[in-house]
Structures are given as C-alpha cells and as structure tokens.
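The structure appears below as structure tokens.
Note: hydrogens, waters and symmetry copies are ignored here, and every other heavy atom, side chains too, is used. Residue numbers start from 1 in every chain, and the chains themselves are labelled A, B, ... in the order their sequence lines are given, proteins ahead of strands.
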There are 2 protein chains.
Amino acid sequence: MTDSRLSVERADSRRIMLAHTLRKAPIFSGIRADALETLALGCSLRQVDKGGYLFHAGTAADGFFVVHAGAINVHRVTEDGREQVIRVFYPGESLGEVVIAGNHAYPASAKATENSQVILVPTEFFRARIKADPDLALCILASMSQHLRFLVETIEDLKLKQAESRVAQWLLRQLRSAGQDPDGVSAFDLPLAKHLLASQLGITSETLSRVFARLRAAELLAVEGKHLRFPDTAGLQAFLERAEA
Amino acid sequence: MTDSRLSVERADSRRIMLAHTLRKAPIFSGIRADALETLALGCSLRQVDKGGYLFHAGTAADGFFVVHAGAINVHRVTEDGREQVIRVFYPGESLGEVVIAGNHAYPASAKATENSQVILVPTEFFRARIKADPDLALCILASMSQHLRFLVETIEDLKLKQAESRVAQWLLRQLRSAGQDPDGVSAFDLPLAKHLLASQLGITSETLSRVFARLRAAELLAVEGKHLRFPDTAGLQAFLERAEA
DNA sequence: TCGAATGGTTGACCGGGGTCAAGAAACCAG
DNA sequence: CTGGTTTCTTGACCCCGGTCAACCATTCGA
C-alpha cells in the first residue's frame, strides 16, 4: 500500500509545515509546540491569486486566517464601488479573528494584493480547541486587542491629521519597524502599490504623489520606483512635528 | 457587634446590586447567575462626576468598565488639544476590555459626560476568573468583536461618506434603537450635547447645525432643544439613500 | 515588436467642510 | 430680573484634498 503510505507522509509534512508557520505567527506565540501541531491538524492552506478574494464583507464566516506568504488587503466597499483600505496584512499576521465570537459575518472584505498563501483556521474547529485549551482564547483576545488599538489610532488620524502628517508618520513607522537606525541615513522598499498605501492612509493616489513631491523638494525623501531613501530622518521627524495638527 | 453585621449587610446588598447590573450588561448575557455573583465580589462601583476622567490614553490599566448610570465619552486627544470622540457608552455597555489581554495601557481616554456610575472589573481579578470559567473569555471576545465592527464601520463612514449622510444615518439608527416604528411619525431626545455628537460623527458642531438646518428646511426634522421630531422618517430614509456616497 | 493595460505624476479646477467671529438662546446663581 | 456662562446657530471666508484629464513609464501578452 504504497499509495496510502505516500498520502500519510504528505499529510504529515503538510501538518509540520502548517505548524511551522503558525508558530511564527505572533498570535500563537504563547502556545506550546504540541498544542500547535494539534491545531494545525484542523487547518488548511489556501492559495489565493493576486486580486482573488478570501472573503467578502457580510458573507458567512469560514474561520480566521494567518498569512503565510503574500499580502492581504482588508477593506470596505461602498455601494457605489469606492474602497477604503482598513489595513494590509503580511506574513505572520492574522485577520478575521472577529468571527470566532458569535455567528456573525465578516465586517470587511479581504483580497490578495499579490499571489498569497493563507492558513484557514475554521471557526467550529477552533471553538472546540478553545474548550480543550482556554489559552487559545487569550491568544485571540490579545490579537483582537492589537487590531482594536490599530483601528482607534486610524480613526484619530483620519479626522485629526492632514495628509502630510499621515504620510510622514507612516514613513517614520516603517523606518522604525524596518529596524533602521532612526537618526541616520536609511531606506526601504514599499511593500505595496502606492495607490493602496494612499487608500490605507485615507487619501487618493494623486495626493500621495503630491506629498511625496513636496517631501522630495524639502530633500527629506528620494523616490526611485518602490525604493525610498531618507537622507534626513531627523528632518522628517521635525517636519512631522511641525505638520502635526 | 452591630457594626460588623451592618457592614456585612452593606457589602451583601452592594454585591447584589453589582450582580444585578452586570446581569443586564449584554457582555455577560451568557453567564450563569451564581458565576456573576462571584464575579461581582471582585468588582467595585465608581462614582464619576460630569467631566471627570475614568482613565487617560496611555495610562496603566486598572481593568475594564461596565456603565451603570450616566454616559461615558471615549475619545482621543491630539497634542494640540483637539478631540475625536470614538464612541459614547451608555448604561449596560462595557468599555476598555482591551486591557484584559496583555499589560498594555488604554488606547484612548474616557470621561463622563454626565454624573455617572461605573463598575470596575479589575484586570488581574478578571484574568483569574477566566481560568476558573473560560466562558468569561468568550464574553470578552464577543464584546470586543462588537467594538471592532463598530470601529471598522466608523472608519468607512469617516472617509467615504459626507457629513449629511453620517448625520442622517445616525438619526435613523437612533430611531430604530429607540424602538420606534420606522415608518411613522416619531421622535426622541438627544442623549448627548450636540458638540459631542458632532465630534463622534467626525464633524464640527457648526457643520452639524447646518445639516440640521437643511433637514429642517426639507421638513424631515424638527429641533426643539434636545428634542428631535421626525415628521417623515420615510423621507429621511430616502434622503439618506440619495445622499449616500 | 508593438499595442494595451496598469501604475504613477502633474496641472487645473472646485466644493465640502473647517475656521473665525458675531449673535441668539438657554441655563444658571445671585 | 439680571448679568455671566455655556451651548447653539448663522454668516463670511478660505484651504485641503478630491475629481477630471492629459501625459509618462513599465509591464505583459500576442
């Protein structure tokens, strides 16, 4: 029965791969390795091509997701078709945990902005796992807290700050999370298309272009395609503090 | 030892009162009565005068709160002093659950907009209770999911809808949640000052005034101080659908 | 190799809503 | 009633940023 042996091996390596990805996800950082492997047994890997949807706002919930590769754009769409990006998720990050509580649908839509792989953690399966291991509930709680903080800050920014501040702030945050020295010359590559960044910041791509142009004129930024260099991060910081408000 | 007996009786009646309020809070709707009374033992009632703060953004977390009476305004303040209301909470609603996960501070500030009483559920105590009764974690999860949905919708509204739509939408929601027949003549009293409502909707009080004036001109609304009457709710609904975008 | 599609930049225009300022109205305490 | 707050309304003005449109720069499939 070579066939059956083969499929067992495949299932096994798949489980190990899933568990490996789950372990790298911050949401499960507090979970023991064996518990994670058990969890991985109920999960599945989904391939989503660029532009493909993981789910639509208002549709029934399969479960929540952990990004394995690629990038997932979570957004709302109005009746007349305009989009507001809520946030873009990258490998290791989790989204849609909101469906674990209650039988509600997703509050937003999610689509891949590049070819992606995501791990689906099915709602019912995960709920059952929570009963066995209540720590899992705390994982979700912690992750949702993070999301909540992010959303609260976003709301403040959207109404209380202008386009320039939001862009400068975002740039400085990226610099920091890229681990660069905050007061030296540094640079990074944009992880998403500019029009998506614009939407996430609540502005149009035209406005983003103009802000970049102004920062370039002030010699605080150099743009080469997706590659951004910052000749004067301290100056950018000062610019932000001046523009703040 | 009349003194001690008295204090026991006081503590007893206080516990019963707290448990009673907690039972009415949607967040604990799934919890058994005896478990709630145990929970009430670790909680305390706080009086907050109008204008007084429950907590400030960034400060260490005591725990989360359930509103017993009054109204609590959760908001963010920028460095230059401007405020953005995130949401106003009324009796039965809970806020600050975000501090249950992790040792982080509150993401926003909360102050009473009228003399209020709130129940404090201390972080450490509640965490201990979760271990004894994991269902409590699910309560928090459900409540945070609600908040998350609310925030996501707020973000969409702030960027994608105009002042008129937001006001009309808010009015119609209030009408519905006031349990009024949605297609008859109806009315309600504003539960908060107009400038607060304006801030929650992400506009200035001047703009709110102007929107009210326009609705009045269209004979969709009559304003008498805090009392709002709606001679034509169907018309208001139509107005919203027209203005949506 | 050449369109066609996609993404980005720039300019001209304009409108929603913010700001400032002056009243009006409501709400007190004396 | 009266003077002082606080809250709300209305008008005049103007600026940020959205929209529309033209124009590059890349990428990609045929």
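If you take CG of A/L158 and C1' of D/dC16, they are 15 Å apart, rounded to a whole angstrom. Rounded to an integer number of Å, the gap from CG of B/L190 to P of D/dT7 is 14 Å. Between the CG atom of B/L228 and the P atom of D/dC8 there is a distance of 12 Å, rounded to whole Å. For the pair A/H227 NE2 and C/dG7 C1', the interatomic distance rounds to 19 Å; values are reported in whole Å. Rounded to an integer number of Å, the gap from A/F212 CZ to C/dT10 P is 12 Å. When rounded to the nearest whole Å, the span between CG of B/L160 and P of D/dG18 equals 11 Å. Summarising the geometry, the separation between CD on A/E164 and P on D/dG17 is reported as 8 Å, rounded to the nearest angstrom. To the nearest angstrom, P of D/dG18 lies 10 Å from CD of A/Q84.
Using a 4.0 Å heavy-atom cutoff across all strands shown, A/G51 reaches no nucleic acid atom at all. Backbone-only engagement by A/R216 is indicated by non-hydrogen atom pairs under 4.0 Å involving sugar-phosphate atoms exclusively. Across all strands, B/I203 comes closer than 4.0 Å only to sugar-phosphate atoms, never to a base (heavy-atom distances). Nucleic acid contact class of B/S209 (heavy atoms, under 4.0 Å, all strands): base.
Within the structure, every side-chain polar atom (N or O) of B/R214 is placed at least 4.0 Å from both OP1 and OP2 of C/dG17. Here B/K226 does not reach the OP1 or OP2 of C/dA26: none of its side-chain N or O atoms lies under 4.0 Å away. Between B/K194 and D/dT9 there is a side-chain N or O to OP1 or OP2 distance below 4.0 Å. The side chain of B/T207 contributes an N or O atom lying less than 4.0 Å from OP1 or OP2 of C/dG18.
Comparing B/K159 and B/K50, the nucleotide of DNA chain D nearest to each residue sits closer to the 5' end for B/K50. When each of A/H195 and B/T204 is assigned the nucleotide of DNA chain C bearing its nearest heavy atom, the one mapping closer to the 5' terminus is A/H195. When the nearest nucleotides of DNA chain D are assigned to B/L192 and A/A163 by heavy-atom distance, the more 5′-ward of the two goes with B/L192.
A donor N or O paired with an acceptor N or O is found under 3.5 Å between the base of D/dG11 and the side-chain atoms of B/R210.
The 12-atom threshold is not exceeded at NE2 of B/H20, counting heavy atoms of other residues, nucleotides or ligands nearer than 6.0 Å. More than 12 heavy-atom neighbours from other residues, nucleotides or ligands sit within 6.0 angstrom of NZ on A/K226.
Aromatic ring pairs are classed by plane angle as parallel below 30°, tilted from 30° to 60° and perpendicular above 60°; the pair B/F230 and B/F188 is parallel.
Of the charged side-chain nitrogens involved, none lies within less than 4.0 Å of a carboxylate oxygen, so that A/E83 and A/R76 do not count as a salt-bridged pair. A salt bridge links A/R229 to A/E224: at least one charged side-chain nitrogen sits closer than 4.0 Å to a carboxylate oxygen. With respect to the salt-bridge test (charged N to carboxylate O, under 4.0 angstrom), the residues A/R173 and A/E153 qualify.
The listed nucleotides are C/dG17, C/dA21, D/dC20; the one nearest the side chain of B/Q162 is C/dG17.
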